[in-house]
Colleague: 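To start, I am sharing the structure in question, which I have written as structure tokens.
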Amino acid sequence: MADRPNMPYTDAVIHEIQRMGNIVPLNGLRVAVKDTTLGGYFIPKGASIMPMLTSVLFEKDQWETPHTFNPGHFLDAEGKFMKKEAHLPFSAGKRVCLGEGLAKMELFLFLVGLLQKFSFRAPGGVELSTEGVYGSTRVPHPFKVHAKVR
Ligand code: HEM
């Protein structure tokens with residue numbers, strides 16, 4: 001995977017967008033291949049398990065302001081980018097998203113490319129919201145945005 005660009009604030013903003021965007025709230029179904037005890041819970045062989053990524057992306061013990069957009073979640077005291085173990089929008093383990101590297105590169109290029117050419121704001125009277133529509137994926141409610149060429 002390509003090195004992280006040396007733009008820590010932009011990088012932190014993208015990570016925070018992905019955290020709050022939470023576009024894959026539920027992973028695919030899994031089946032326990034053997035009897036397992038996890039965090040004090042017994043999971044018998046054959047049980048269906050659906051990991052819930054929302055639970056880590058908004059975990060109150062992991063994030064300073066879990067429900068408020070805050071790029072500072074990914075910056076240390078010197079403003080350097082900081083990885084977070086609980087940041088799992090692409091899941092983890094053997095079945096982690098295969099497109100993670102490509103998706104991260106695209107998110108960076110699209111966002112930076114758009115911000116270089118346009119400034120964005122909410123049209124008059126419109127209140128932007130981070131609420132979304134939950135299903136197997138999560139999408140924002142339709143919204144309008146005003147883009148002005150720089
Ligand atoms: C922001 C964009 C994306 C997000 C948040 C995302 C997230 C995820 C998540 C949560 C999973 C489930 C992993 C698991 O079951 O543990 C997954 C699986 C997968 N993703 Fe993505 N994905 C993104 C973009 C992409 C792109 C661009 C590609 C391909 C070009 C891709 C290809 C795949 C594939 C092939 C799997 C199945 C992996 C497997 O089951 O072994 N994803 N993705």
Side-chain angles (χ1 to χ4, degrees), residues 1-32 38-39 41 43 47-150:
M1 195 188 307
D3 281 346
R4 178 169 281 122
N6 191 20
M7 292 170 66
Y9 190 78
T10 308
D11 211 6
V13 166
I14 294 170
H15 279 70
E16 184 67 349
I17 290 171
Q18 278 210 273
R19 186 185 74 80
M20 290 209 69
N22 186 23
I23 67 168
V24 189
L26 300 170
N27 253 6
L29 265 181
R30 303 280 191 266
V31 173
L38 188 65
Y41 293 93
I43 302 168
S48 301
I49 305 155
M50 185 179 271
M52 192 182 180
L53 298 179
T54 308
S55 65
V56 276
L57 296 177
F58 293 88
E59 163 63 53
K60 64 178 172 27
D61 296 331
Q62 298 287 331
W63 308 99
E64 201 183 336
T65 59
H67 297 283
T68 305
F69 187 82
N70 175 7
H73 284 141
F74 297 94
L75 296 169
D76 68 14
E78 292 161 9
K80 290 201 186 114
F81 183 81
M82 191 168 62
K83 272 192 181 173
K84 285 287 180 74
E85 219 182 348
H87 187 63
L88 296 174
F90 295 100
S91 184
K94 286 186 181 167
R95 302 298 294 270
V96 66
C97 173
L98 271 183
E100 178 173 356
L102 176 67
K104 282 181 166 173
M105 185 176 66
E106 288 181 336
L107 285 171
F108 177 81
L109 291 174
F110 275 65
L111 184 75
V112 171
L114 285 168
L115 289 176
Q116 281 172 345
K117 300 267 184 233
F118 300 97
S119 55
F120 294 94
R121 66 173 173 77
V126 172
E127 206 165 300
L128 293 182
S129 152
T130 55
E131 295 299 314
V133 184
Y134 280 88
S136 55
T137 58
R138 180 181 177 274
V139 293
H141 293 289
F143 63 94
K144 288 189 175 164
V145 66
H146 186 267
K148 186 167 175 255
V149 177
R150 285 184 188 269

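What's counted below: heavy atoms across the whole structure, side chains too, no hydrogens, waters or symmetry copies. Here, residue 1 is the first one in the sequence, and each next residue gets the next number.
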Colleague: Less than 6.0 angstrom from the centroid, inside 45 degrees of the normal: does R19 satisfy that with respect to the ring of F69?
Modeller: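 Judged by the rule, R19 and F69 form no cation-pi pair.
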Colleague: Report, as yes or no, whether the 6.0 Å neighbourhood of atom OH on Y41 holds more than 12 heavy atoms from other residues, nucleotides or ligands.
Modeller: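 Check fails, neighbour count at 12 or below.
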Colleague: What are the two closest heavy atoms between P8 and L75, and how far apart are they?
Modeller: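 Closest approach of P8 to L75: O-CD2, 3.7 Å.
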Colleague: Give the minimum heavy-atom separation between K60 and P66, together with the two atoms involved.
Modeller: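 Taking every non-hydrogen atom into account, CA-CG, 3.8 Å.
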Colleague: Would you please test R95 and R30 for side-chain contact (heavy atoms from CB on, under 4.5 Å) and show each step?
Modeller: CA-CA 10 Å; R95 302 298 294 270; R30 303 280 191 266; 3.4 Å; yes
Colleague: Rounded at 0.5 Å granularity, tell me how far NZ in K104 sits from CZ in F90.
Modeller: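 Between atom NZ of K104 and atom CZ of F90 there are 6.0 Å.
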Colleague: Is H141 close to E131 at the side-chain level, that is, under 4.5 Å between some pair of heavy atoms?
Modeller: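 Yes - at least one pair of side-chain heavy atoms lies under 4.5 Å apart.
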Colleague: Are there more than 12 heavy atoms of other residues, nucleotides or ligands under 6.0 Å from atom OH of Y9?
Modeller: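 Not buried by this count: 12 neighbours or fewer within 6.0 Å.
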Colleague: Search all heavy atoms of P51 against all heavy atoms of G28 and return the closest pair with its distance.
Modeller: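 That closest heavy-atom pairing would be CD-O, 3.6 Å.
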Colleague: Give, for atom CD of Q18 and atom CG of L88, the distance between the pair rounded to the nearest 0.5 Å.
Modeller: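 Spacing of CD (Q18) from CG (L88) equals 11.0 Å.
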Colleague: V149 and K117: side-chain contact (heavy atoms from CB on, under 4.5 Å), yes or no, with the steps?
Modeller: CA-CA 6 Å; V149 177; K117 300 267 184 233; over 6 Å; no
Colleague: When rounded to the nearest 0.5 angstrom, what is the spacing between NE2 in H87 and CH2 in W63?
Modeller: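 H87 atom NE2 to W63 atom CH2 measures 6.5 Å (nearest 0.5 Å).
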Colleague: Measure the NZ-CG distance between K80 and D11 for me, rounded to the nearest 0.5 Å.
Modeller: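 Between atom NZ of K80 and atom CG of D11 there are 14.5 Å.
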Colleague: Rounded at 0.5 Å granularity, tell me how far CD1 in I49 sits from CD1 in I43.
Modeller: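 The distance works out to 4.5 Å.
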Colleague: Got a second to check how far L107's CG is from T10's OG1, nearest 0.5 Å?
Modeller: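 One finds 13.0 Å between CG of L107 and OG1 of T10.
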Colleague: Using a 4.5 Å cut-off on heavy atoms from C-beta on, say whether the side chain of H73 contacts that of T65.
Modeller: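 Counting from C-beta outward, T65 and H73 do come under 4.5 Å.
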Colleague: Might you point out which heavy atoms bring L128 and A122 nearest each other, and give the distance in Å?
Modeller: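 Shortest heavy-atom separation between L128 and A122 comes out as CG-CB, 3.8 Å.
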Colleague: For residues P89 and L53, report the shortest heavy-atom separation together with the two atoms involved.
Modeller: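 Looking at all heavy atoms of both residues, the closest pair is O-CD1, 3.9 Å.
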Colleague: Assess whether side-chain contact (heavy atoms from CB on, under 4.5 Å) is satisfied between F108 and I14, documenting all intermediate values.
Modeller: CA-CA 7 Å; F108 177 81; I14 294 170; 3.9 Å; yes
Colleague: What pair of heavy atoms forms the shortest contact from H67 to M20, and how long is it?
Modeller: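 Looking at all heavy atoms of both residues, the closest pair is O-CE, 3.5 Å.
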